[in-house]
Student: 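I'd like to ask some things about the structure below.
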Amino acid sequence: MTPPTARTWSRRGHTPVIRVRGRSQRRFSIAALACYRQGERSRLIYRPKRHLDHKRGGRRSFTWTDYRDLLIAAHQQLGAPIVLVWDNLNVHKDRRLREFIDTHEWVTCYFLPSYAPDLNPVEGIWSLLRRSSQANTPFTDPDHLMSALRHGLRQIQYRSNLIDGCLSETGLTLTTSQQQHQ
């Protein structure tokens, strides 16, 4: 992973350079849910995954079972029904995942328009992560990258005001049918 760069300094006339070894081989994937519930603090539930067989032609992203397991864990952790607002990633529209969602009444799914990253609060989370724990950091090995990702996500997870900001930045109205009936 090429490290994102942020502001830095150097002597006048010398451009700062971050040297990194190797090239990106997409060894890691992270799935995250930004969760909102009326009257409670916002939550971030995430799962990082390291792809060990990426060089032998193995999958370089989450499978539908990984997303299914994330939804089950989120449902158990939140203890409430889940309304998903997902982007149009091909795995999100997988037939088997759709069947799983359709057979469980505790999960409802809506899709964002075709290309609308500005409506996806998780994009704000990724932006915060890139600008904080990853900025100007050349990672020495995959374990260093994974620990930095976990640390950065944990810092965001503990600050619900950051998650609230990412949710409100979308401009979407956060209401439920119960509120509308009151």
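Residues: numbered from 1 along the sequence shown. Computation of the quantities below employed the complete heavy-atom set of this structure, encompassing side-chain atoms and omitting hydrogens, waters and symmetry-equivalent molecules.
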Student: Taking only Lys NZ, Arg NE, NH1 and NH2, and the carboxylate oxygens of Asp or Glu, determine whether D66 and R47 approach each other closer than 4.0 Å.
Tutor: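 No.
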Student: Give the C-alpha distance, both sets of side-chain angles, the deciding distance and a yes or no for side chain to side chain contact (heavy atoms under 4.5 Å, CB included) between I125 and L162.
Tutor: CA-CA 8 Å; I125 301 293; L162 292 177; over 6 Å; no
Student: Would you verify whether the NZ or CZ of R68 falls within 45 degrees of the ring axis of W64 while also being under 6.0 Å from that six-membered ring's centre?
Tutor: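 Yes, a cation-pi geometry.
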Student: Does D87 form a side chain to side chain contact (heavy atoms under 4.5 Å, CB included) with H92? I'd like the steps, not just the answer.
Tutor: CA-CA 8 Å; D87 58 13; H92 294 168; 2.9 Å; yes
Student: According to salt bridge (Lys or Arg N to Asp or Glu O under 4.0 Å), does anything in residues 160-172 pair up with another residue at least two apart or in another chain? List the pairs.
Tutor: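 Qualifying pairs: none.
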Student: For P48, enumerate each residue passing the side-chain contact (heavy atoms from CB on, under 4.5 Å) test, keeping only those at least two apart in sequence or located in another chain.
Tutor: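 Applying side-chain contact (heavy atoms from CB on, under 4.5 Å) to P48 gives I30, Y46, M146, R150.
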Student: CG/L149 to CZ/R50 distance, rounded to the nearest 0.5 angstrom?
Tutor: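 Reported to 0.5 Å precision, the distance equals 11.5 Å.
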Student: Closest heavy-atom contact between G124 and C166?
Tutor: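 In terms of heavy atoms, the two residues are closest at C-SG, 3.5 Å.
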Student: With the side chain counted from C-beta on, respond yes when F62 and K49 share a heavy-atom pair under 4.5 Å apart, and no when they do not.
Tutor: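 Sidechains of K49 and F62: in contact.
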Student: Any chance you could measure S42, atom OG, to L167, atom CG, to the nearest 0.5 Å?
Tutor: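 Spacing of OG (S42) from CG (L167) equals 5.0 Å.
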Student: Please confirm whether the backbone N or O of L128 pairs with a side-chain atom of S132, one donor and one acceptor, at under 3.5 Å?
Tutor: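 Yes, because the side chain of S132 sits within donor-acceptor range (under 3.5 Å) of the backbone of L128.
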Student: Hey, does I163 have a side-chain heavy atom less than 4.5 Å from the side chain of I156?
Tutor: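 Yes. Closest side-chain heavy atoms under 4.5 Å.
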Student: Within the structure provided, determine whether H75 and Q77 are in side-chain contact (heavy-atom separation under 4.5 Å).
Tutor: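 Side-chain contact under 4.5 Å: no.
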Student: W106 vs F100 aromatic rings, parallel, tilted or perpendicular, using cut-offs 30° and 60°?
Tutor: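 If you compare the ring of W106 with that of F100, the planes turn out perpendicular.
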Student: Could you walk me through whether L84 and L71 pass the side chain to side chain contact (heavy atoms under 4.5 Å, CB included) check?
Tutor: CA-CA 9 Å; L84 286 174; L71 291 174; 3.6 Å; yes
Student: On the ring face of F111, is K93 found with NZ or CZ under 6.0 Å from the centre and within 45° of the axis?
Tutor: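 Geometry flag: set, cation within 6.0 Å and 45°.
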Student: Any idea which heavy atoms bring W126 and A32 closest together, and the distance?
Tutor: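 Shortest heavy-atom contact: CH2-CB, 3.7 Å.
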Student: If you look at every heavy atom in A74 and L33, which pair is closest and at what distance?
Tutor: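 Of all heavy-atom pairs spanning A74 and L33, the closest is CB-CD1, 3.7 Å.
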Student: Counting C-beta onward and ignoring hydrogens, is there a side-chain heavy-atom pair between I45 and C35 closer than 4.5 Å?
Tutor: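 In short, these two side chains touch, coming nearer than 4.5 Å.
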Student: Can any side-chain N or O of Q157 pair as donor or acceptor with the backbone N or O of L44 at less than 3.5 Å?
Tutor: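 Yes.
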Student: I'd like to know if D102 pairs up with R98 as an ion pair, taking the criterion as any Lys NZ or Arg NE/NH1/NH2 lying under 4.0 Å from an Asp or Glu carboxylate oxygen.
Tutor: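 Looking at R98 together with D102, the answer is yes, because their closest N to O distance falls below 4.0 Å.
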Student: Mind checking whether Y67 and V83 sit in one hydrophobic cluster, side chains of I, L, V, M, F, W, Y counted as touching below 4.5 Å?
Tutor: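 Cluster IDs for Y67 and V83 differ.
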Student: Check the surroundings of atom CZ in R159: do more than 12 heavy atoms from other residues, nucleotides or ligands lie under 6.0 Å from it?
Tutor: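 For R159, atom CZ is not crowded (no more than 12 foreign heavy atoms under 6.0 Å).
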Student: Return the minimal non-hydrogen interatomic distance between N88 and L112, and the atom names on each side.
Tutor: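 Here N88 and L112 meet closest at ND2-O, 2.8 Å.
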Student: Could you tell me if the side chain of H151 sits less than 4.5 Å from the side chain of Q155, heavy atoms only?
Tutor: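 Answer yes - side chains close enough.
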Student: Locate the shortest heavy-atom distance separating L119 from P121; write the atom from each residue and the value.
Tutor: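 Heavy atoms only, the tightest pair is O-CD, 3.4 Å.
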Student: Compare all side-chain heavy atoms of V91 with those of W86 and state whether any distance is below 4.5 angstrom.
Tutor: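 A side-chain contact under 4.5 Å is absent here.
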